[in-house]
A.B. asks: 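I have a structure I would like to understand better, so I am pasting it below and will then ask my questions one at a time.
Within every chain, numbering begins at 1; the chains are lettered A, B, ... in the order of the sequence lines, protein sequences first and strands thereafter.
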Amino acid sequence: MNVFRLAGDMTHLLSIIVLLLKINATRSCRGISLKTQELYAVVFVCRYLDLFTNFISLYNTVMKIIFLVSTFTIIYWMRFHKVIRVTYDREQDTFRYQFLVLPCLVLALLLNNEFTAMEVLWTFSIYLEAVAILPQLVLLQRTNNIDNLTGNYVFLLGSYRALYILNWVYRFMTEKHYRQYLVWISGIVQTIIYIDFFYYYIKSWRNNEKLSLPA
Amino acid sequence: EEESSGHDEL
């Protein structure tokens, strides 16, 4: 494992810790999109099916379990926790799942490395992850008052895939048979989706102002 | 040697 990959994984892990902390400490999930969290749950379940079939490393297994458990915990809190669920911006979080899920499913059926159930679901998870942040970004645009932790959460989540791109470049140069065009294109799309957010996040940080996204 | 599947990533 190279330094970019590790930095990417740690950024991803940190984003989830920030989100868990925010919700748990403030007893509020204001500004957080349940749709995005549920899409991530689908992404992790589809991608990590190999937990049952293929052991890669202890690190790999532990991280996968952390991502699954933390995402389902957040969904449970937002849906069922008696204090937290009333803070969910239900009326604002209106993005439709099917607009993201269906195209990704069709694309995974058409464009994959191998036409098997496991491989198609894995590819589907790669495509879906690329766009799963969209409901969250739409919700942030509608939220006038974005708190710091929510801003940091989205920033860390966006940074993680950008670091993965560096990891892919590194692996491409150092590993003889590392060719993952579908993943690379998806990762680039995923990072591009954040560029607007990154711009306003860095601007607000430099000017020491509260983050807000123009509608 | 086979092509790396990338499935060792998260």
A.B. asks: Chain B heavy atoms under 4.5 Å from A:Asn54: which part of the residue, side chain, backbone, both or neither?
C.D. replies: neither

A.B. asks: Is A:Tyr160 close to chain B through its backbone or its side chain, or both, or neither, when contacts mean heavy atoms under 4.5 Å?
C.D. replies: side chain

A.B. asks: Below 4.5 Å from any heavy atom of chain B, which atoms of A:Glu119 appear? Answer side chain, backbone, both or neither.
C.D. replies: side chain

A.B. asks: Are A:Phe172 and A:Trp184 close enough, and set up right, to give a ring-ring contact (aromatic ring centres under 6.0 Å, His included), and what steps lead you there?
C.D. replies: CA-CA 11 Å; A:Phe172 181 77; A:Trp184 298 345; 5.4 Å; yes

A.B. asks: What part of A:Asp9 gets closer than 4.5 Å to chain B, counting heavy atoms only: side chain, backbone, both or neither?
C.D. replies: side chain

A.B. asks: Is the OH atom of A:Tyr59 crowded by more than 12 outside heavy atoms at less than 6.0 Å?
C.D. replies: yes

A.B. asks: With the threshold set at 4.0 Å, does a side-chain nitrogen-carboxylate oxygen contact exist between A:Arg171 and B:Asp8?
C.D. replies: yes

A.B. asks: With chain B, which of A:Asn60, A:Asp50, A:Val183 has the greatest number of heavy-atom pairs at distances under 4.5 Å?
C.D. replies: A:Asn60

A.B. asks: Do the two ring centres, one from A:Phe198 and one from A:Phe155, sit under 6.0 Å apart?
C.D. replies: yes

A.B. asks: Non-hydrogen atoms of chain B under 4.5 Å away: do they reach the side chain of A:Phe44, the backbone, both or neither?
C.D. replies: neither

A.B. asks: Consider only side-chain N and O atoms of B:Glu9 and A:Tyr164, and report whether a donor and an acceptor are under 3.5 Å apart.
C.D. replies: no

